[in-house]
Amino acid sequence: MAASSFTSLPNEGDQESQGYQTTYKRCNDIIPTLPRDTGWWLSNLCQYQGFWLSSSHAILGLMLVQDHFMSKPTDIILATSPKCGTTWLRALIFATINRTSYDFATHPLLTNNPQALVPFLEGHIRVNDSTSFLESLPSPRFLSTHIPYSLFPDSMKTSGPKFVYVCRNPKDVLVSKWKFAEKMRPKEMPPLSLQDAFELFCNGVSHYGPFWDHVLSYWKASLETPETVLFLIYEDMKREPLVQVKRLAEFLGKPFSPEEEREGVVQEIVRLCSFKNLSTLEVNKSIISTEYFVQNPYFFRKGEVGDWENHLTPEMVARLDQITKEKLEGILCDKWKVRIDLSREENDGEQSTDQLPTPRSE
Ligand code: PAP
């Protein structure tokens, strides 16, 4: 995939466009000065404000968000490091907050990829050359982002949007990302070996990496302001989806009523958004790009906990675990470390999103 040009400026004239032009220009000036390293499917990544980003897309998007995005107290922002569960949480949050608007038999998630229903903040702010699209969205706006919490302006953190963050075992993230890169790499680039992907990942050189710093930025925020940042874990979501979706609904100020619980609404949402259901829908099997260069099927591979065991060597596992231990121990506590180590065993025989009991209808 060739990096598209970001040099075309928005129309001159109104004040907003001029503000955008200033940011575009600043971005153009800064990018040649940044440290560079190997890209996973673009030719390179640049390090900006401590994180590795694709120059033409992510850095410009980030700068536009930092300079121009006006958040609202009612906004809901799904934040993820890539491959940690963005697609799944987009679907779950969309289904949860809109549960009284749609019938499960004709639900928009049956005919739309979750990316199409939830705007990507730093993508839309860039593509539309104006905040007007984002401004026009009905309240509550539900957006997704890969921007680390520490890079959002303070004004945004205090203005009250609710952030939902989901993280995932870094060993599964690495494998998922490497498999994704296989599909995304243009034919003229040689394949990216797992060993090379592993080295890049360990060195923090992956989209919005270092992975561990991304996790830490939201972990700390969730401790400081738990009312505005909810920290979820992919492995917990797989192990006990009903519990986690109820937690999510409460955090978003839309708890399930006893009647909804009796009617099996939580089960319906979990079933609708399960990997098994979403990945087999025609829309998600079809080659349609909803998010720039990414085809719908690329967002669905296995959706499992512990696939790393099929790919990583014992040496790779030991090094990744060591980095995780150094970076996250005492902060994410032993709980998460243990969860990483035992993720596959813990998942065996537990309630799974794909094997839920049929909801009771009364
Ligand atoms: P993104 O950040 O690039 O949008 P994201 O959706 O976070 O990607 O991650 C894709 C991963 O989530 C894939 O994992 P895998 O490679 O290990 O299989 C994908 O299969 C998984 N995934 C997608 N939808 C679901 C779902 N409904 N439930 C569980 N996992 C899912």
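Start at 1 and go down the list; that is how both ligands and their atoms are numbered.
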Would you check if there is a donor-acceptor pair between the side chains of [Y] and [X] at a distance under 3.5 Å?
{"X": "S217", "Y": "S150", "answer": "no"}
{"X": "W40", "Y": "S206", "answer": "no"}
{"X": "E122", "Y": "Q66", "answer": "no"}
{"X": "T23", "Y": "H68", "answer": "yes"}
{"X": "R319", "Y": "Q322", "answer": "no"}
{"X": "H207", "Y": "K177", "answer": "yes"}

Across all chains, not counting sequence neighbours, the ring pair (Phe, Tyr, Trp, His ring centres under 6.0 Å) partners of Y149 are F163, Y218
Are the aromatic ring centres of W41 and F180 under 6.0 angstrom apart?
yes
Are the aromatic ring centres of Y165 and F231 under 6.0 angstrom apart?
yes
How does [X] reach ligand 1, if at all, at less than 4.0 Å between non-hydrogen atoms: by side chain, backbone, both, or neither?
{"X": "K177", "value": "neither"}
{"X": "K179", "value": "neither"}
{"X": "A91", "value": "neither"}

Contact atoms of ligand 1, heavy-atom distance to [X] under 4.0 Å:
{"X": "C84", "answer": "7 (O)"}
{"X": "G85", "answer": "5 (P), 7 (O)"}
{"X": "G303", "answer": "15 (P), 18 (O), 20 (O), 30 (N)"}
{"X": "S274", "answer": "27 (N)"}
{"X": "H146", "answer": "2 (O)"}

Consider ligand 1: state whether an atom of it lies below 4.0 angstrom from any non-hydrogen atom of M237.
no
Give a yes/no on ligand 1: does F180 have at least one heavy atom closer than 4.0 angstrom to it?
no
Name the option, out of [options], that contains the heavy atom nearest to [atom].
{"atom": "atom 17 (O) of ligand 1", "options": "K302, E304, R168", "answer": "R168"}
{"atom": "atom 10 (C) of ligand 1", "options": "W308, F299, Y208", "answer": "F299"}
{"atom": "atom 16 (O) of ligand 1", "options": "P82, S81, S176", "answer": "S176"}
{"atom": "atom 28 (N) of ligand 1", "options": "F300, W88, Y298", "answer": "W88"}

Any salt bridge (Lys or Arg N to Asp or Glu O under 4.0 Å) pairs touching residues 145-166, not counting sequence neighbours?
D154-K157
Would you mind telling me which of F275, Y234, F299 makes a ring-ring contact (aromatic ring centres under 6.0 Å, His included) with W88?
Y234
Is any N or O atom of [X], backbone or side chain, closer than 3.5 Å to an N or O atom of ligand 1?
{"X": "R301", "value": "yes"}
{"X": "T80", "value": "no"}
{"X": "K83", "value": "yes"}

